[in-house]
Amino acid sequence: MRMIVFFDLPTVTNEDRRNYRAFRKLLIKNGFIMLQESVYCKLLTTPAVENSAKNLLRSNRPPSGLVQVLVVTEKQYSRNKQYHIQTAE
């Protein structure tokens with residue numbers, strides 16, 4: 001299974017930016033990889049790992065902003081399509 005984390009955090013004040021960086025570093029430190037800016041993904045090997053990751057996110061969520069979690073199976077994740085748009089020069 002895969003856990004996909006989407007977040008939209010404010011970066012208005014210095015404290016907001018500090019919270020944003022701390023949350024992003026927490027994700028990276030715990031095995032999440034960046035898919036897009038503010039979208040991170042982690043491979044989950046067991047339901048226990050899923051619960052552990054959810055508890056980690058719940059206990060370390062920033063004081064403001066939005067954090068969303070989506071868990072999908074490998075089959076669902078494999079149907080993910082990527083489209084690259086090339087800019088004209």
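No experiment lies behind these values; they were computed from the predicted model shown.
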If Ile, Leu, Val, Met, Phe, Trp and Tyr residues are connected whenever their side-chain heavy atoms lie under 4.5 Å apart, and connections chain through other members, are [X] and [Y] in the same group?
X     : Y     : result
Leu70 : Met34 : no
Met1  : Val69 : yes
Leu35 : Phe32 : no
Ile4  : Leu66 : no
Val39 : Ile28 : no

| remark: Minimal heavy-atom distance between Asn55 and Arg58, with the atoms involved, is OD1-NH1, 2.7 Å
If I take atom [atom1] from residue [X] and atom [atom2] from residue [Y], how far apart are they, to the nearest 0.5 angstrom?
X     : Y     : atom1 : atom2 : value
Thr13 : Arg18 : OG1   : CZ    : 8.0 Å
Glu15 : Ser64 : CD    : OG    : 8.0 Å
Asn19 : Arg61 : CG    : CZ    : 13.0 Å
Lys42 : Arg2  : NZ    : CZ    : 12.0 Å
Tyr40 : Ile33 : OH    : CD1   : 10.5 Å
Glu50 : Thr45 : CD    : OG1   : 10.5 Å

| remark: Contacts of Asn60 meeting side chain to side chain contact (heavy atoms under 4.5 Å, CB included) (sequence neighbours excluded), chain-then-number -> Leu26, Leu56
| Side-chain donor or acceptor of Arg17 paired with backbone N/O of Val12 under 3.5 Å | yes
| said: Side chains of Leu57 and Leu27, heavy atoms from C-beta outward: is any pair under 4.5 Å? | reply: yes
| Any side-chain heavy atom of Leu43 within less than 4.5 Å of one from Glu74? | yes
| query | Parallel under 30°, tilted from 30 to 60°, perpendicular over 60°: which one fits the rings of Phe7 and Phe23? | reply | perpendicular
| Out of Pro63, Pro10, Pro62, which one pairs with Asp16 under the side chain to side chain contact (heavy atoms under 4.5 Å, CB included) rule? | Pro10
| Could you go step by step and tell me if Val67 and Leu9 meet the side chain to side chain contact (heavy atoms under 4.5 Å, CB included) rule? | CA-CA 8 Å; Val67 177; Leu9 304 177; 4.3 Å; yes
